[in-house]
Amino acid sequence: MSAYARVPLIGLWFAFLALPLAGWRNSLWIGLGCALVVLIVSVARASVQSGYLAWPAGRVKAGFTTAWSFIEEKSYDKRYWSLFLLLVIALPWTLDRYSTDVLVITGIYIMLALGLNVVVGFAGLLDLGYVAFYAVGAYSYALLNSWYGLSFWPALGVGVACSALFGVILGIPVLRLRGDYLAIVTLGFGEIIRLVLNNWDNVTQGPNGILGIGRPYLGDMRLYKPMHFYYLVLALCVITIFIVNRLDKSRLGRAWAAMREDETVAECVGVNIVYTKLSAFAFGAAWAGFGGVVFSAKQTFISPESFTFFESVIILCMVVLGGMASIPGVMLGAFILTVLPEALRELTLFRPMLLGGAMVLMMVLRPQGLLQAKGGRHHLERDEPQGEAGAGR
Amino acid sequence: MLELRDIHFYYGHIHALQGVSMEVRPGQVVCLIGSNGAGKSSTLMAICGVNAVARGEILLEGEAIHAREPDEIVKRGICQVPEGRRIFPHLTVLENLEMGAFLRNDASGVKEDLDYVCSLFPVLHERRAQRGGTLSGGEQQMLAIARALMSRPRLLLLDEPSLGLAPRIIETIFEVLARIRDEGTGIFLVEQNAHLALNFSDWAYVMETGRIIMGDEPGVLRDSPAVREAYLGE
């Protein structure tokens with residue numbers, strides 16, 4: 001079918017899609033709009049192909065590629081990291097309370113996304129119930145604080161331990177599961193935790209949630225301003241990044257990579273799958289617990305509503321969008337997916353649609369994520385010379 | 001060296017191995033031939049602990065290993081090269097090789113062995129920075145063998161090393177296997193290509209529907225009418 005014959009068809013299709021949502025009059029406009037966009041793209045494409053505009057188009061593309069690979073290169077450079085850290089430390093002094101608060105949330109999501117990245121990116125285990133561990137961390141602080149008056153710092157340790165324990169509890173029944181089956185079980189696990197929190201009224205106060213969770217103290221200073229939490233979260237993020245980075249390069253990290261690539265072969269070279277898989281779940285969950293405790297302390301109120309399946313999906317999107325197994329990538333993903341929705345507050349209704357659209361575009365145009373993990377694991381060379389295809393077959 | 005005594009293994013309800021007994025003597029190359037689905041790969045997976053056997057014993061120099069985890073079996077000196085050139089596609093060649101030495105702690109020994117396998121397969125040295133998945137089929141098979149050697153095995157289990165490779169590449173691979181054998185590593189070879197297997201080994205078993213139906217010297221099997229008809233295509 002010629003490129004132009006498709007235009008009215010695509011318009012009709014979008015009008016049809018929008019019909020149940022927008023009514024026939026709006027659908028007509030949506031259809032027309034889509035057709036127009038497709039027409040413009042088709043014309044542009046045809047003119048590039050036929051030689052018109054090839055030069056500027058090529059320049060734009062080349063410029064873009066160069067700029068991006070420069071950023072990608074630098075995102076792994078230690079010197080730029082310290083520069084970046086200084087910038088981040090200075091940042092809240094230039095921002096209002098609201099923006100600082102958004103950045104605190106971003107920081108919590110960075111911890112969560114880096115934790116999920118251990119499970120999904122490093123170890124290759126698709127986990128759709130990750131938010132459950134976040135909930136475990138958050139509730140362990142909320143409950144221990146409101147029942148026994150446990151303060152923040154010890155609760156941080158307890159929350160992490162609880163989440164890691166739940167990671168192992170989830171890990172044991174799924175040891176022999178792979179791919180889709182694993183995803184389904186983790187999804188179920190996430191829902192179970194949420195439903196328990198929602199229905200166990202005596203302990204968790206069900207959907208009403210827990211109010212008045214204690215603020216953390218640093219010495220005598222009570223941490224309650226966004227600015228305080230900003231530095232708290234920043235410190236925890238730095239710890240997270242440091243440890244996750246070390247894990248990636250450790251022996252355990254190599255075992256995870258091997259398991260991700262091919263579980264049977266990993267077993268054949270002597271990787272203990274039971275230990276490796278459970279440790280991936282435990283480490284991943286531990287960061288969620290970390291984030292959960294901080295979240296409780298920051299909000300002073302939590303309810304099961306904060307821990308829905310959609311939350312798991314968003315965290316997974318951060319990992320995939322940013323670039324699986326790439327630490328700077330995952331951080332960028334977490335940043336974009338927290339800050340962008342805030343920037344688009346007026347378009348609240350369209351947010352899930354924009355998110356969906358962005359994910360589809362990403363998967364088509366750049367499936368490896370914004371900042372992809374470097375070739376191999378120890379990053380010897382950036383380019384991959386192709387082996388003579390078919391030689392020796 | 002290695003002895004299997006009446007091994008039974010099930011895939012769900014399918015009785016895949018129905019009492020397999022065989023032996024690999026020190027310094028010998030032993031091959032196992034048989035058609036598709038006879039249970040050859042299941043036997044290898046049972047030896048290296050990935051398939052948990054239902055009944056029977058596997059002894060490595062008198063020690064029972066059938067109830068051990070795969071990593072403990074690798075530690076005891078048995079390493080498998082699985083069927084179908086299964087390498088780690090996104091790791092570089094060098095990282096693949098390092099993964100082979102995953103259980104070893106002697107850095108200098110690992111370095112030595114790295115040089116050794118690169119001398120066996122010089123092409124791996126040339127391609128050390130490339131991702132495994134970008135290698136050609138023959139190179140991937142070489143990498144899989146080299147990776148197994150990195151664990152410094154006493155017994156190497158090979159599952160169909162010739163599968164889908166050009167004759168010239170097969171020749172190269174078997175030359176290297178002969179060298180490994182001469183240097184004292186035991187080899188247990190599973191092959192569909194019966195000609196190749198019988199020429200290379202000192203002892204051969206024939207497997208059919210989960211049972212060993214013959215075990216003898218390759219010369220004797222080559223003269224047996226049943227083997228000639230079923231496996232040598234004569």
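The chains referred to below are lettered A, B, ... by the order of the sequence lines, with proteins before strands, and numbering in each begins at 1. Note that these values count all heavy atoms, side chains included, but never hydrogens, waters or copies made by symmetry.
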Minimum-distance pair of heavy atoms, taken over all atoms of [X] and [Y]:
| X | Y | answer |
| --- | --- | --- |
| A:A255 | B:F102 | CB-CZ, 3.6 Å |
| A:R254 | B:E98 | NH1-O, 3.5 Å |
| B:L103 | A:G270 | CD2-O, 3.4 Å |

Determine whether more than 12 heavy atoms belonging to other residues, nucleotides or ligands lie under 6.0 Å from atom [atom1] of [X].
| X | atom1 | answer |
| --- | --- | --- |
| B:F9 | CZ | yes |
| A:R176 | CZ | no |
| B:Y205 | OH | yes |
| B:Y116 | OH | yes |
| B:R179 | CZ | yes |
| B:Y11 | OH | yes |
| B:F174 | CZ | yes |

If you check every heavy atom in [range] against those of chain A, which residues fall under 4.5 Å?
| range | result |
| --- | --- |
| residues 104-114 of chain B | none |
| residues 40-48 of chain B | B:M45, B:C48 |
| residues 61-79 of chain B | B:P70, B:D71, B:V74, B:C79 |
| residues 142-158 of chain B | B:R147 |

Minimum side-chain heavy-atom gap B:M99-A:V271 below 4.5 Å: yes
Would you compute the distance between atom CZ of B:R86 and atom CD of A:E261 and round it to the nearest 0.5 angstrom? 12.0 Å
Roughly how far, to the nearest 0.5 Å, is OG1 of A:T264 from CD of B:E83? 12.0 Å
Take B:F88 and A:R260, measure what side chain to side chain contact (heavy atoms under 4.5 Å, CB included) needs, and give me the verdict at the end. CA-CA 9 Å; B:F88 301 119; A:R260 175 188 70 207; over 6 Å; no
Side chain from CB out, backbone as N, CA, C, O: work out which of these in B:P82 comes under 4.5 Å of a heavy atom of chain A, or both, or neither.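 Contact with chain A is through the side chain of B:P82 alone.
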